[in-house]
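Please read the structure below before turning to the comments.
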Amino acid sequence: MNTFKADIEEIRRRAKEKMDDGAVTSSYGADRERVIEVLNEVLATETVCTLRYRAHYFMAKGVHAPGIEDEFLEHANDEQAHADRVAKRITELGGKPDLDPAGLATRSHAQYGSAETLNDMIKEDLIAERIAIATYSEIVRWLANDDPTTRRMMEDLLATEEEHADDMAKLLARFGG
Ligand SMILES: [Fe+2]
Ligand SMILES: [Fe+2]
């Protein structure tokens, strides 16, 4: 039984809560504290996605599915690179990257999952990518021109998550039952 749920509307609502009525300051534009808070949720999301893809990489090794473990590993490495960019941006904004394992899953937009079959692994990854696409799109719209540097970074991440979702959709068509 796959318990991985994705109420994307609810997750988007929760992510958006942080962005509501953000104060605007003259020099920087965005509400720095709030941007740091939102970025720490992105950092948690990227970290949870790194861990999930790495677990899937090792689990897929035992399965006869040529090429699939390489795909999982590639995505794990992409998510780790995303996490690093986000952590760096948090420090540039004067914040502290929150990588405390306690509460990591709560701060993350996407879930870690509990898949045991290849089919469920791919589905979980696809759901997580779709959640990231939905929440990152909100963040890009919210940042607008108030913090163009952070917005451009989020646009880069968004583009990669779209590629990831496409990769997973193709794998699901190949290996999904
Ligand atoms: Fe990512
Ligand atoms: Fe991704």
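Remember, it's 1-based here, ligands and their atoms both numbered in the order they're listed. Quick note: numbers below take in every heavy atom, side chains included, and nothing from hydrogens, waters or symmetry partners. For the single chain, residues carry numbers from 1 onward in sequence order. What you see is a predicted model, and the numbers here were worked out from it, not measured in a lab.
Checking side-chain atoms of Glu124 against main-chain N and O of Ala115 turns up a donor-acceptor pair under 3.5 Å. Side-chain atoms of Arg54 do not come within 3.5 Å of backbone N or O of Leu73 as any donor-acceptor pair. When atom types are taken as modelled, the side chain of Thr45 and the backbone of Ser108 share no donor-acceptor pair closer than 3.5 angstrom.
When Val86, Leu143, Asp147, Val42 are each tested for a side-chain contact (heavy atoms from CB on, under 4.5 Å) with Met153, only one passes: Val86.
Applying the salt bridge (charged side-chain N to carboxylate O under 4.0 Å, His left out) test to Asp84 and every residue at least two apart in sequence or in another chain returns nothing.
The OG1 atom of Thr160 sits 9.5 Å away from the NE2 atom of His75 when rounded to the nearest 0.5 Å.
For the Fe ion (ligand 1), protein N/O/S neighbours under 2.8 Å (waters excluded) are Glu46 OE1, Glu46 OE2, Glu79 OE1, His82 ND1, Glu161 OE2.
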